[in-house]
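All chains are named by letter (A, B, ...) in the order of the sequence lines, taking the proteins before the strands, and each is independently numbered beginning at 1. Source: prediction; values computed, not measured.
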Amino acid sequence: MNFNRIRISEKATYRLSQLKGKTGLTPNILSRIAICYSLNDQTVPNPNDYDERGQELNRYTLTGEWDTFFIALVKERCIHDGLDPEKDLYHQLRAHLNRGVFGMYPQIKGLGDFQILLKHQAEGIKSGMLSEERSHE
Amino acid sequence: MRKKYGNILPSQMVLIPEGVIFGIFEGLFMLLHSLTLENVRIFQGRNVLDFRPKTNGNTPKPIILIGGRNGAGKTTLFDSILLCLYGQYAPGNKMSNTKYEKYVRQMVPRSRNTSNTIRPIIEIIFEFTHAGVKKVYEVRREWFFDPKFSEKLTIQHDGEVLSDLERDQWQELLNELIPPRFARLFLFDGEKIQNLVEDNAENIYLRDSFKSLLGLDIVDRLRADLGIFSSRHLKGSKVTSIDQNLEDIMKQISDKEHLLDDVFQERAKIKSQSDQIKAEIERQEQILAGEGGGYARKREEWKGEKIRLEHEIEKVENELRDLCAGLFPFSITPQYCKILKDNITKEDAIQTQKRLKELIQANMSDFDKAIQSSEFWSDISVPSEQIEKIREKIVTLIKNQLEPGDDHIGKKLIHQVSQAEYHQLLQWIDEAVSRVPQKMNTLSETLEKLTHQRQKIVGNINKAPDDEIIAPYIQELNKLNKSFGGLEEKLNTLDTSMRELTFQLNELNRKREKSLEEIQSVKSDSKKLDLAHKVIRVLDDYATELQEQKVKQLADNILMCFNRLIRKDDYVRNLVIDGDYTITLYDHDGQVIPKELLSAGEKEIFAVSLLWGLTLTSSRELPFIIDTPLGRLDSEHRGNLVMDFFQHAGEQMIIFSTDTEIDLEYFRTLQPYISRAYHLDYSKKDRMTSISPGYFWSEVEV
């Protein structure tokens with residue numbers, strides 16, 4: 001499935017704008033980090049958990065020069081999860097993006113906090129840890 | 001002696017009264033006989049005040065007490081003495097003619113319209129004793145306003161008008177007898193005297209009066225005279241050119257010495273200003289410290305540090321943002337990076353193989369053709385029936401190789417990246433899992449450290465007091481520091497010119513020595529010159545030695561007087577007068593006592609000690625004339641002055657006092673030492689003061 005745009009949820013949009021305020025990073029850059037952060041949660045994200053009433057991101061500003069890399073990673077994840085790397089790609093990407101935003105939101109208070117994500121990854125992220133509910137703590 | 005010396009050096013000696021030349025060796029005594037005021041301010045008609053002290057058997061009675069309430073004319077009497085002695089020079093520096101006229105007109109009684117016909121007259125009779133020879137001088141100064149303002153000064157000597165002096169030299173004679181600055185020391189106004197100490201100006205006064213007071217100027221003069229004597233003696237001789245040269249040099253020396261003197265004065269003035277400002281800066285800084293100025297002074301420093309930190313933070317943050325926009329996201333998922341790497345490597349191998357097979361397949365027919373041709377087998381001895389068999393075997397082998405292997409069968413390639421993309425991805429993955437996380441950690445730690453530092457600085461800045469509270473002090477301090485800097489700069493400039501002048505003087509003195517030596521060698525037969533030359537050298541040594549000795553003596557005397565009057569044991573342990581006549585006080589621990597820290601009373605006591613010390617050292621007896629002597633003193637110090645200084649400091653102590661300063665109690669204490677007492681009584685109705693014998697309390701006999 002080819003796509004040029006990706007529409008995230010209303011809540012994620014709100015969280016991204018908050019994170020932008022804290023870090024000075026654009027929603028696109030933050031979304032990249034979110035995607036990768038979400039890949040660490042071994043549970044399969046459910047695209048239906050996330051509405052599409054929020055901000056629309058342009059694929060090429062979202063992935064930038066790293067498009068191949070992002071797509072390749074998400075495809076790998078799809079295969080890992082037993083999904084179709086072509087057919088499910090868009091939905092999975094969107095789901096990971098949304099989930100990643102909620103997962104990282106409570107961790108990031110400023111630009112210096114992204115290293116925490118590295119640490120979490122190294123310590124292992126429990127399944128379901130990045131679900132939206134946890135971000136409301 | 002005077003005659004002999006005077007013959008040689010008439011122009012030099014003319015102003016020196018007889019006997020003064022021996023001032024180095026013997027004491028000098030001066031006594032005021034009387035002061036007469038005629039039509040001066042509130043003193044109408046002729047008023048005579050006899051100042052001559054009496055004795056009571058062997059006990060001297062030095063005190064002349066003049067009592068009067070405020071406004072009764074004490075200060076007029078006091079000012080009149082100065083005016084009579086120095087005329088236009090009375091208040092210190094010379095006044096312009098118009099200013100002087102205005103000043104004198106003020107002295108005229110303000111009654112009615114007679115100012116043009118009334119002539120004020122002030123007359124002082126004083127006695128000057130030197131080397132046992134007593135001379136009485138009468139100085140009379142009167143002023144005329146009609147037809148225009150003019151002044152007439154008359155000096156009588158032992159009852160005769162001075163004849164051997166030109167009239168225009170009379171003032172100079174008076175200045176010689178009682179140097180004006182010196183007089184300002186001895187005629188002292190209690191309300192102003194401590195300014196002398198407060199302004200740190202005592203070194204200027206000391207310096208001015210020191211040489212003449214201690215007889216050192218005579219040495220200088222003698223030396224100069226001998227120099228001139230030497231050169232005059234050579235006039236008309238063969239050595240006129242050398243002589244001319246020498247005179248030039250002498251003139252230059254004298255010019256330079258004057259210049260040096262001016263610079264020295266200026267320097268002392270600036271120095272005292274800069275000392276004052278320094279003290280003020282210290283004071284302001286103390287106030288500031290009280291207001292939290294320790295922080296305040298660092299505030300600017302902190303602000304700078306904060307800006308620097310903010311710059312660095314911004315730099316680190318930008319690097320972090322670049323990293324986040326770069327490969328950092330992939331660093332979070334090294335697991336999938338590894339899977340991806342494995343898979344694209346496999347895919348690449350498959351793709352490589354596929355491309356290889358395609359390459360071989362594309363060339364298979366050419367290959368087959370080549371292997372069937374006779375040239376292929378020409379150099380090998382293979383039987384022709386075998387050739388076909390071998391060919392088939394080879395082709396089958398290759399065809400088998402081109403079949404896809406079992407492991408790839410049915411496996412769909414997911415990524416199908418190009419060669420270029422493959423290599424790019426490998427490089428990215430490599431960086432994302434190794435270098436980038438490290439960089440992220442380093443940058444984050446740096447950021448945390450910097451942020452922490454900034455927080456601390458911001459905390460400090462917030463702790464510093466409000467700008468508004470300290471701003472006036474800071475402003476004042478900046479202003480003071482600026483003028484301090486300016487003065488220091490001036491001092492440096494003056495120091496430089498002093499060094500230059502000293503250098504030039506040394507050079508000139510060397511030249512003078514050389515010229516003198518030349519003259520000496522030419523006129524070696526002149527015994528007189530030889531002698532004069534020797535004397536000059538001896539005098540040089542003598543002057544140096546004498547000065548050192550006198551300074552030491554003076555310091556000891558001032559210290560003694562001070563401790564005697566202050567009555568605080570060991571308050572000041574040591575007192576040092578240095579080369580530029582600055583006085584430094586040391587306490588019993590050898591620490592400097594800043595004179596600014598003395599109380600007003602202590603300053604007055606210090607000033608009095610200075611004067612007393614000077615008289616003791618100079619062995620000149622001069623009258624002390626003191627106006628409002630006790631105004632600033634507390635009761636203890638008053639007592640000390642009354643009991644000690646007034647009774648013992650000199651042969652003549654003229655005190656102008658109110659009834660609250662020398663009160664009944666002090667009056668009774670002093671009574672055995674009082675020769676004469678006058679009471680100034682001002683009548684509002686007549687607007688004049690009448691002078692009558694006796695003090696405030698007429699029932700007390702004097």
Heavy-atom closest contact (C337(B) atom, L73(A) atom, distance): N-CD2, 3.8 Å
Which bit of [X] is near chain A, if near means a heavy-atom gap under 4.5 Å: side chain, backbone, both or neither?
{"X": "L447(B)", "answer": "side chain"}
{"X": "L327(B)", "answer": "both"}
{"X": "V417(B)", "answer": "side chain"}

Largest heavy-atom contact set with chain A, pairs under 4.5 Å, which of L443(B), I414(B), L340(B), I344(B): L340(B)
Under 4.5 Å from a heavy atom of chain B, the part of I79(A) involved: side chain
Spatial distance of atom CD1 (I332(B)) from atom CG (L117(A)) [nearest 0.5 Å]: 5.0 Å
Results of salt bridge (Lys or Arg N to Asp or Glu O under 4.0 Å) for R53(A) - residues two or more places apart only: E10(A), D51(A)
Enumerate, including both backbone and side-chain atoms, all donor-acceptor pairs under 3.5 Å from chain A to chain B.
unit_1: T23(A); atom_1: O; unit_2: R321(B); atom_2: NE; d: 3.1
unit_1: T23(A); atom_1: O; unit_2: R321(B); atom_2: NH2; d: 3.3
unit_1: R32(A); atom_1: NH1; unit_2: A325(B); atom_2: O; d: 2.7
unit_1: N40(A); atom_1: ND2; unit_2: I332(B); atom_2: O; d: 2.9
unit_1: Q42(A); atom_1: NE2; unit_2: Q335(B); atom_2: OE1; d: 3.2
unit_1: W66(A); atom_1: NE1; unit_2: A325(B); atom_2: O; d: 3.1
unit_1: E76(A); atom_1: OE1; unit_2: N343(B); atom_2: ND2; d: 2.6
unit_1: E76(A); atom_1: OE2; unit_2: N343(B); atom_2: ND2; d: 2.9
unit_1: E76(A); atom_1: OE2; unit_2: H415(B); atom_2: NE2; d: 2.6
unit_1: R77(A); atom_1: NE; unit_2: Y336(B); atom_2: OH; d: 3.4
unit_1: H80(A); atom_1: ND1; unit_2: Y336(B); atom_2: OH; d: 3.3

Top of P85(A), G24(A), C78(A) for chain B proximity - count of heavy-atom pairs under 4.5 angstrom: G24(A)
Over 12 non-hydrogen atoms of neighbours within 6.0 angstrom of OH in Y14(A): no
F69(A) and F330(B) aromatic ring geometry - parallel, tilted or perpendicular at 30°/60° bounds: parallel
